[in-house]
Amino acid sequence: MEHTSHDAGARDDRAARQAHGSPGGHSGHSSRSSRSSRSSHDGHSDHVGHRHGGVTWSTAAKATLHCLIGCAIGEILGMAIGTALMWGNVPTMILAITLAFLFGYSFTMFAVLRAGVDFRSAVKVALAADTVSIAVMELVDNGIIALVPGAMDAHLTDALFWSSLLGGFVVAFVVTTPVNKWLIGRGKGHAVVHAYH
């Protein structure tokens, strides 16, 4: 009598498991797999949201600093060459801006090429990542140099030459950082480089 009751109870338990899961007792595995899949998808969604939405000021500042280093090297080199050769203000500024873009793009291209990307694709990434950032930086920096009385005519040995140049970089960094934050938050600008990190 008790044995029959026990068998009936076991059959009921098996029937309940089969009704809520797959036959053969795999319902737990299926449930775990489903939870794992949902968790993975949620994690991916969070990553996408972070990339396009919640961009920190620290991320924007790092992107701007990366860009600023390349710009600074190119611009200082251009100003130094133009001043040393006693060129006029316009050709010196054109050389400085050209080299700023060249070095700015080169820094990004070097990082992307190290990730195994071909040269042509690396050029496209650099153009997409840095063009707006460098343009804003150069506009602000050269605008300040042009507005500081005597800065364009100062020589390499003059404190005014270096103070106006470096001061322009500081202001350019402050102005460009919010621009980069806005761009990265929309998956543009320096955000395109993140895929290769």
Side-chain angles (χ1 to χ4, degrees), residues 50-85 87-148 151-152 154 156 160-197:
H50 173 72
R51 189 173 69 238
H52 295 301
V55 180
T56 64
W57 283 104
S58 174
T59 299
K62 285 176 185 173
T64 306
L65 184 61
H66 176 273
C67 189
L68 179 66
I69 292 170
C71 287
I73 292 171
E75 191 163 332
I76 289 171
L77 189 60
M79 289 285 193
I81 291 171
T83 303
L85 295 176
W87 287 0
N89 292 340
V90 174
T92 298
M93 193 169 278
I94 290 172
L95 177 64
I97 292 170
T98 301
L99 291 178
F101 271 93
L102 183 65
F103 276 88
Y105 288 141
S106 296
F107 271 42
T108 297
M109 282 182 60
F110 179 70
V112 175
L113 286 168
R114 279 198 316 176
V117 177
D118 63 277
F119 184 80
R120 188 172 178 177
S121 296
V123 170
K124 289 180 181 178
V125 170
L127 290 172
D130 293 331
T131 299
V132 174
S133 181
I134 296 173
V136 172
M137 203 168 286
E138 286 304 296
L139 184 66
V140 173
D141 183 48
N142 285 286
I144 288 172
I145 292 171
L147 291 173
V148 173
M152 290 299 297
L156 293 174
L160 182 60
F161 174 88
W162 295 104
S163 62
S164 60
L165 191 60
L166 297 177
F169 286 138
V170 171
V171 177
F173 176 82
V174 171
V175 172
T176 310
T177 298
V179 174
N180 278 330
K181 186 176 187 295
W182 185 85
L183 288 169
I184 296 169
R186 280 146 189 80
K188 299 177 181 178
H190 214 272
V192 301
V193 182
H194 292 175
Y196 303 97
H197 286 177

Inter-residue atom distance Asn180.CG - Lys62.NZ, 0.5 Å rounding: 14.0 Å
- prompt: If you round to the nearest 0.5 Å, how far is NZ of Lys181 from OG1 of Thr64?
  reply: 11.5 Å
task: Report yes if the side chains of Trp182 and Val55 come closer than 4.5 Å at any heavy-atom pair, otherwise no.
output: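 The answer is no; the side chains never approach within 4.5 Å.
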Side chains of Ile69 and Phe103 in contact at under 4.5 Å (non-hydrogen atoms):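 A side-chain contact is absent here, since even the closest heavy-atom pair is not under 4.5 Å.
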Listed partners of [X] passing side chain to side chain contact (heavy atoms under 4.5 Å, CB included), at least two apart:
X      : result
Trp87  : Leu85, Pro91, Thr92, Leu95
Leu147 : none
Arg120 : Asp118, Lys124
Ala154 : Asp158, Leu160, Phe161

field: Main-chain N/O of Ile94 paired with Thr98 side-chain donor or acceptor, under 3.5 Å
entry: yes
field: For Phe101, ring pair (Phe, Tyr, Trp, His ring centres under 6.0 Å) partners two or more places apart
entry: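 Phe101: ring pair (Phe, Tyr, Trp, His ring centres under 6.0 Å) contacts with Tyr105.
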- request: Determine which pairs satisfy ring pair (Phe, Tyr, Trp, His ring centres under 6.0 Å) with at least one residue from residues 55-80, sequence neighbours left out, and list them in order.
  value: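 Non-adjacent pairs meeting ring pair (Phe, Tyr, Trp, His ring centres under 6.0 Å): His66-His190.
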Identify every side-chain donor-acceptor pair in residues 136-146 under 3.5 Å, counting partners at least two apart or on other chains, and give the distances.
from, atom 1, to, atom 2, distance (Å)
Glu138, OE1, Asn142, ND2, 3.0
Asp141, OD1, Phe169, N, 3.2
Asn142, ND2, Glu138, O, 3.0

Over all heavy atoms of both residues, which pair between [X] and [Y] is shortest? Give the atoms and the distance, please.
X      : Y      : value
Ile134 : Cys67  : CG1-SG, 3.3 Å
Ala122 : Met109 : O-CG, 3.6 Å
Leu65  : Phe173 : N-CE1, 3.8 Å
Ser121 : Val117 : CB-CG1, 3.3 Å
Leu99  : Gly74  : CB-O, 3.3 Å

- line: For Ser164, the side chain to side chain donor-acceptor pair (under 3.5 Å) test, sequence neighbours excluded, returns none
query: Sequence neighbours excluded, which residues qualify as side chain to side chain donor-acceptor pair (under 3.5 Å) partners of Thr176?
result: none
